[in-house]
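Take a look at the structure set out below.
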Protein chains: 2
Amino acid sequence: MRKMPKARLSRPSLEAETANLIRSDILNGVWKQGDRLVEMDLANSFGVSQSTIRGALKYLQADALVVHRPRRGHFVIEISEQDVREISILRDTLESLGARLAAQTITEEGRNRLQRVFNDLCAAAHAGNRQKLIELDLLFHRTVVEVAGSERLNELYKRLVGPALLFLRMADHLYPEPQVIIDLHEPLLSAICSGDAEKAFALAHRHTEPDAQRIVQPKL
Amino acid sequence: MRKMPKARLSRPSLEAETANLIRSDILNGVWKQGDRLVEMDLANSFGVSQSTIRGALKYLQADALVVHRPRRGHFVIEISEQDVREISILRDTLESLGARLAAQTITEEGRNRLQRVFNDLCAAAHAGNRQKLIELDLLFHRTVVEVAGSERLNELYKRLVGPALLFLRMADHLYPEPQVIIDLHEPLLSAICSGDAEKAFALAHRHTEPDAQRIVQPKL
DNA sequence: CTTGCAACAATTATCGATAATCGATAATGG
DNA sequence: CCATTATCGATTATCGATAATTGTTGCAAG
């Protein structure tokens, strides 16, 4: 009986690869909020067919980074002050739910994963790398949600990550001080890893709120 | 100055129309959970091109009724016991958030919309039409979320409606008695319409929980 | 009988062409 | 000059063909 490999070979489709490139361009500011993503221009630019671009845009819609307006085209999302508030409230809601569920079901593997991300987050904080910190903050919560083991929660949370990342990357000067981020995440990590679901829930609740108030207050 | 019409003329795309037909088939049991939706079969069946089917399937993915497995095809979702639990928890979470936001921002138009749906729900309950009642229950909450005015919450909640509807339609014998549904929704409607956000939040929280326990307990 | 390989059919993924729609600009009429 | 209509170019939507990949079946070998 041959030993089967742990991981299956998997090559991303052309659609998925193209989506990754476009996503990167969006997050790196090559495209501005509200920009129209013209299918034929992208097709010519990436050297693929229009239909491959349509497939790629489908992935970006799933990430909530792009909206499709039938017969008019695809557009990079625009984030209003209202959107910021909504995203913050929804992050608060889903992150705290994720923290509770993760604490209820935590495993050794889950602890290790979270610890690793938290270590990376601390390193970025100490290096004063705000952009990296923003990414790792969101990755931390993504990991919490993944560790929670709810695929459906994961799917919903995924739709918040892209817009939050897009917004925070452009407003990183409003992001809290690095040490504040560590001080907010460390007790949350502890509560989750020790299985204290209600404490994790409360900490994740409180955790997001100062962010939202701080970021929303100044006029955009 | 000519009087402009209130509503713009809008014709659904072929993709969207095809998606509606397939969605209807899924919800009416023509397709079973886990069934593979073969692009070319659907294209022949509906008399459209494969690419139109791909576009339609994109819409159904957005509704969380269909999953795409690259290079293998598209499949009608399967709902495990775990899924039922997750959907219930997430409904609980988003419906109560929606109830709170709706109560905070309620308008006369919002009250009228909710009242109309509630009236339809009562009519279905009195007629003992369980299938209709299930639909209207979900429509009630969809309306609450819409009235709440958070487009992003609406987008997230939308991903729960399809699966919930698919599940409840097949398990309607486990759905609470019609009068119970009325008794649960009437005080919720009152709280929202009177602007009592915290009461609406609590009622929506309590409202979903008995459902989840009742439905999940029996073995599927 | 079981396992492995090859062949073939089925299907998905991608291509590029054409039809339909929209947006911009020019022409016309009041 | 302004408002309306017509025209044209740009782009999206849909088509159908072909390439790539997967899944099934049959056959041979151990």
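Residue numbers start from 1 in every chain, and the chains themselves are labelled A, B, ... in the order their sequence lines are given, proteins ahead of strands.
- When the side-chain nitrogen and oxygen atoms of A/R11 are compared with OP1 and OP2 of D/dT21, one or more of them lie within a distance under 4.0 Å.
- Atom CZ of A/R69 and atom C1' of D/dA13 are 18 Å apart (whole Å).
- Nearest-nucleotide assignment on DNA chain C puts the 5′-proximal partner with A/S13, out of A/R71 and A/S13.
- Nucleotide D/dT12 holds its P atom 13 Å from the CD atom of B/E15, rounded to whole Å.
- A donor and an acceptor atom, one from each side chain of A/Q50 and A/E39, are located under 3.5 Å apart.
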Quick one: side chains of residues 56-67 of chain B, donor-acceptor pairs under 3.5 Å with protein atoms, not counting sequence neighbours, listed by atom name and distance.
residue : atom : partner : partner atom : Å
B/D63   : OD2  : B/R23   : NE           : 2.7
B/D63   : OD2  : B/R23   : NH2          : 2.6

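- Taking only side-chain nitrogens and oxygens, A/R72 never comes nearer than 4.0 Å to OP1 or OP2 of C/dT21.
- Within residues 34-43 of chain B, the residues having any heavy atom closer than 4.0 Å to DNA chain C are, in order of number, B/R36, B/L37, B/V38, B/E39, B/M40.
- Between A/L14 atom CG and D/dT21 atom C1' the separation is 14 Å, expressed in whole Å.
- Of the residues in residues 46-57 of chain A, A/Q50, A/R54 come within less than 4.0 Å of DNA chain D through at least one heavy atom, sorted by number.
- Checking the phosphate oxygens (OP1, OP2) of C/dA13, a side-chain nitrogen or oxygen of B/H68 falls inside 4.0 Å.
- A donor-acceptor pair shorter than 3.5 Å can be found between the side chains of B/E86 and A/S150.
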